[in-house]
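What you see is a predicted model, and the numbers here were worked out from it, not measured in a lab.
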Amino acid sequence: MTNSNSESQAAAAPSNFLHDMIAEDVRTKKYGDAVIQTRFPPEPNGYLHIGHAKAICIDFGLADEFGGKTNLRFDDTNPEKEEQEYVDSIMNDVRWLGFDWERLCYASDYFDQLYEWALQLVKAGKAYVDDLTADEIRQHRGTLTEPGKDSPYRSRTIEENLDLFTRMKAGEFPDGTRVLRAKIDMASPNLNMRDPVMYRILHASHQRTGDKWCIYPMYDYAHGQSDSIERVTHSMCTLEFTDHQPIYRWYIEHLGIFPSNQTEFDRLNITYTMLSKRKLLQLVQENRVNGWDDPRMPTLCGLRRRGFTPEAIRAFVAASGVSRTNGSTDVEMLEHFQRDDLNRRANRAMAVLRPLKLVIDNYPADQVEFVEAANNPEDPSAGTRKVPFSGEIYIEQDDFRETPPPKYYRLSPGKEVRLRNAYFVTAQSVVKDAAGVIVEVHCTYDPASRGGNSPDGRKVKSTMHWVSAAHAISAEIRLYDKLFAKADPYDLEEGQDVLDNLNANSLEILTTAKLEPSLATAKLEDRFQFERVGYFCIDPDSVPGNLVFNRTLALKDSWAKIEKKSGA
RNA sequence: UGGGCGAUCGUCUAAUGGUAGGACAGUGCCCUUUGGAGGCACUUGUCCAGGUUCGAAUCCUGGUCGCCCAGCCA
């Protein structure tokens with residue numbers, strides 16, 4: 001690798017407080033000679049979204065930077081919400097994003113150990129079985145401003161606690177009748193320390209442990225110890241867990257086990273985007289979208305189907321940074337990194353989304369020529385292709401105006417433009433239907449301008465894409481817009497729900513598009529730039545002969561901007 | 001209103017007592033066989049008030065504002 005490359009890479013690895021912290025821990029040998037160990041700990045109760053991508057990049061990326069390891073650990077302590085389908089999708093999405101784990105782990109792998117440790121805490125008088133109902137526990141917990149009250153069962157003897165907890169495990173009691181609690185401090189200003197529940201009774205079958213257990217550990221009782229078992233040195237999580245850090249440490253200290261350390265960072269928020277797993281599930285269940293992988297979804301599978309690339313997502317995450325502030329990154333930044341990536345990699349093609357017939361009156365009848373077109377002007381190694389041209393072609397309806405507005409450089413009566421890679425044409429007349437709608441434009445071409453240049457040096461202001469009518473293929477085109485109508489989806493009126501801010505026009509399906517014939521062989525995962533239009537990919541709904549393209553993103557459109565300004 | 005966390009261009013983020021910088025967005029110009037891409041330029045910021053210091057975004061004090069916590073969810 002060249003010097004300048006490594007320099008630019010060092011510059012690209014942004015300094016942030018997590019990086020600095022680990023660098024310091026390495027410098028001071030906080031963990032001796034042990035390697036840096038991190039983990040990505042999703043609960044398999046939904047699909048991963050772009051917010052998780054940030055956590056993944058942090059957990060895996062930081063470990064990588066310091067020569068460490070990262071485990072993928074499923075936080076599967078709640079059998080009522082978790083499913084194998086989610087486990088599978090999560091593994092798939094992590095790999096797709098470009099990461100591979102050192103070990104695949106499950107919190108449920110540690111259920112036996114966790115139970116032994118619970119026994120240990122009971123024997124030490126640091127945990128007790130509580131017979132209070134959920135409601136009574138809540139009442140005893142106190143409020144933000146008032147301390148809680150001890151449960152009447154808090155002072156049970158160790159023997160009684162041991163007996164009861166053993167019988168909880170043995171399945172002697174129905175769901176919800178008893179819990180095991182840590183004996184900490186009911187007056188703590190931190191509500192998480194007011195005797196947190198360690199185990200609840202749940203006669204539910206677990207997707208991995210089956211019916212072995214009818215008591216399941218709570219997150220707080222499982223997470224830190226799972227980290228400890230895996231000898232995780234740096235346990236990164238999002239800010240809302242900051243208040244849990246004391247309980248994370250309490251269990252580790254009182255059990256005397258490997259001291260993993262938790263550090264929190266800010267969640268990723270993006271404008272016009274909602275990243276609540278619960279609400280995303282609701283969108284799916286209520287069919288407000290077409291599944292978890294609907295291309296409008298911020299899920300990784302949705303973004304993938306939409307045509308987003310792991311490279312762009314990683315670049316976006318790196319650029320948006322990590323801190324401890326609550327903010328919301330402009331969705332334009334995500335779009336920028338995706339366009340940037342696709343601009344360099346995507347082959348070009350011509351496709352007319354909303355066709356208007358253009359007839360070249362002086363073009364020899366029945367003549368067909370093949371013009372050469374660059375596959376990617378950004379990358380000469382992508383080569384060229386031949387595109388059929390004839391006297392009847394389709395152009396974009398937007399590219400013709402009978403009475404052009406100011407600064408409109410495209411085709412209008414008497415105006416000469418270039419057809420990309422082909423000829424100069426001059427509009428002569430229009431044909432309208434009974435309703436007065438233009439159905440056909442007639443023009444003449446300059447045979448000397450083949451390839452797109454006139455030998456006399458004549459300039460044109462505009463270059464337009466086109467598709468030969470006789471050679472065009474048809475395809476369904478799906479255009480996507482933002483899923484939410486408001487930059488902040490949670491900007492709600494009284495009584496409104498976040499789903500009331502859904503953008504009613506987030507999907508538009510075009511069925512009359514005309515595409516250049518080379519696109520007939522497009523395959524899943526192929527990505528294209530339809531010149532002057534946007535980036536597109538093949539949707540899995542495609543079948544040979546009946547192609548479906550998804551628009552990943554539109555190209556930036558400075559004409560639309562001009563038009564909007566003059567219209568406003 | 002108890003506790004915790006935070007506050008730097010419109011947005012995200014650097015600067016770790018010593019020139020407030022980058023990216024996105026925006027604006028203007030140049031260039032262009034994509035009104036794409038690219039190039040150049042410009043604009044805008046340290047929450048407030050005091051203090052320490054030769055010097056403060058950074059340290060101190062006091063405010064203000066925002067986020068999180070009262071699941072047998074994670």
Would you please confirm or rule out a distance under 4.0 Å between OP1 or OP2 of B/A37 and any side-chain N or O of A/K556?
yes

Mind checking if A/N453 touches a base, just sugar-phosphate, or nothing, with heavy atoms under 4.0 Å?
base

Is any side-chain nitrogen or oxygen of A/R138 closer than 4.0 Å to OP1 or OP2 of B/G71?
yes

Using atom P in both nucleotides, what's the gap between B/U8 and B/C48 to the nearest angstrom?
11 Å

What nucleotide, of B/G35, B/G4, B/C72, holds the atom closest to the side chain of A/R200?
B/C72

Span that lies between the C1' atom of B/A41 and that of B/C5, in whole angstrom
41 Å

How about A/Y47 and A/Y86: are their ring centres within less than 6.0 Å of each other?
yes

Would the A/F484 and A/Y490 ring centres measure less than 6.0 Å apart?
no

Under 4.0 Å, heavy atoms only, any strand: does A/V179 hit a base, just the sugar-phosphate, or nothing?
base

Which of the following nucleotides, B/G35, B/G4, B/C73, is nearest to the side chain of A/K81?
B/C73

According to a strict under-4.0 Å criterion, is A/R194 in side-chain N/O contact with OP1 or OP2 of B/G3?
no

Inter-nucleotide C1' distance (B/C12, B/A7), Å rounded:
14 Å

In terms of the nearest nucleotide of RNA chain B, which residue is placed more toward the 5' end: A/L239 or A/L144?
A/L144

Would you mind classifying the nucleic acid contact of A/N78 as base, sugar-phosphate or nothing, using non-hydrogen atoms under 4.0 angstrom?
sugar-phosphate

Selection from B/G35, B/U34, B/G2 that lies nearest to any side-chain heavy atom of A/R420
B/U34

B/U13 phosphate, OP1 or OP2, under 4.0 Å from A/T325 side-chain N/O:
yes

Assert yes or no for the condition that the ring centre distance of A/Y199 to A/Y221 is strictly below 6.0 Å.
yes

Among B/A37, B/U27, B/G4, the one nearest any side-chain atom of A/K565 is B/U27

Starting the side chain at C-beta, find the nucleotide from B/C69, B/G36, B/C5 nearest to A/L555.
B/G36

Identity of whatever pairs with B/A74 - Watson-Crick or G-U, under 3.5 angstrom
none

Look at all strands and tell whether A/E80 reaches a base, only sugar-phosphate, or nothing, counting heavy atoms closer than 4.0 Å.
nothing

Quick check on B/U32: is either OP1 or OP2 less than 4.0 Å from any side-chain nitrogen or oxygen of A/K461?
no

Does A/I360 reach the side chain of A/Y423, with side-chain heavy atoms less than 4.5 Å apart?
no

Choosing from B/G35, B/C24, B/G4, which nucleotide comes nearest the side chain of A/D330?
B/C24

What interatomic distance, in whole Å, is found between P of B/C42 and the corresponding atom of B/G35?
28 Å

Does a side-chain N or O from A/S323 land closer than 4.0 Å to OP1 or OP2 of B/U13, or not?
yes

Base-pairing mate for B/C29 - Watson-Crick or G-U, with both contacts under 3.5 Å:
B/G39

In the strands shown, is B/C9 matched to any nucleotide by a Watson-Crick or G-U wobble pair with both distances under 3.5 Å, and which?
none

Name the pairing partner of B/A57, where a pair is Watson-Crick or G-U wobble with both distances under 3.5 Å, or state none.
none

Gap in Å between the two P atoms, one belonging to B/G51 and one to B/U16, rounded:
25 Å

On a whole-Å scale, what distance lies between the C1' atoms belonging to B/C9 and B/A25?
11 Å

Side-chain atoms of A/T463 come closest, of B/C5, B/G4, B/G35, to B/G35

Is A/H465 near enough to B/U34 that one of its side-chain N or O atoms lies under 4.0 angstrom from OP1 or OP2?
no

Quick note, A/M333 side chain, CB onward, closest among B/G36, B/A70, B/C24 is B/C24

Can you check whether A/Y409 and A/W559 have ring centres sitting under 6.0 Å from each other?
no

A/K561 side-chain N/O to B/U27 phosphate OP1/OP2 under 4.0 Å
yes

Counting side-chain heavy atoms from C-beta on, which of B/G36, B/C72, B/A70 comes nearest to A/E378?
B/G36

Among B/G66, B/G35, B/C73, which nucleotide has an atom closest to any side-chain atom of A/M218?
B/C73

Close aromatic pair by centroid cut-off 6.0 Å: A/H223 and A/F241:
no

Holding to ring pair (Phe, Tyr, Trp, His ring centres under 6.0 Å), I want the full list of residues that pass it with A/F74, two or more places apart in sequence or in another chain.
A/Y106

Pick the closest RNA chain B nucleotide for A/T77 and for A/N421 by heavy atoms, then say which residue is nearer the 5' end.
A/N421

Paired with B/U19 by Watson-Crick or G-U wobble geometry, both distances under 3.5 Å: which nucleotide is it?
none

Rounded distance in Å between the P positions of B/C69 and B/A74
15 Å

Tell me whether the OP1 or OP2 atom of B/G36 has a side-chain N or O from A/R532 closer than 4.0 Å.
no

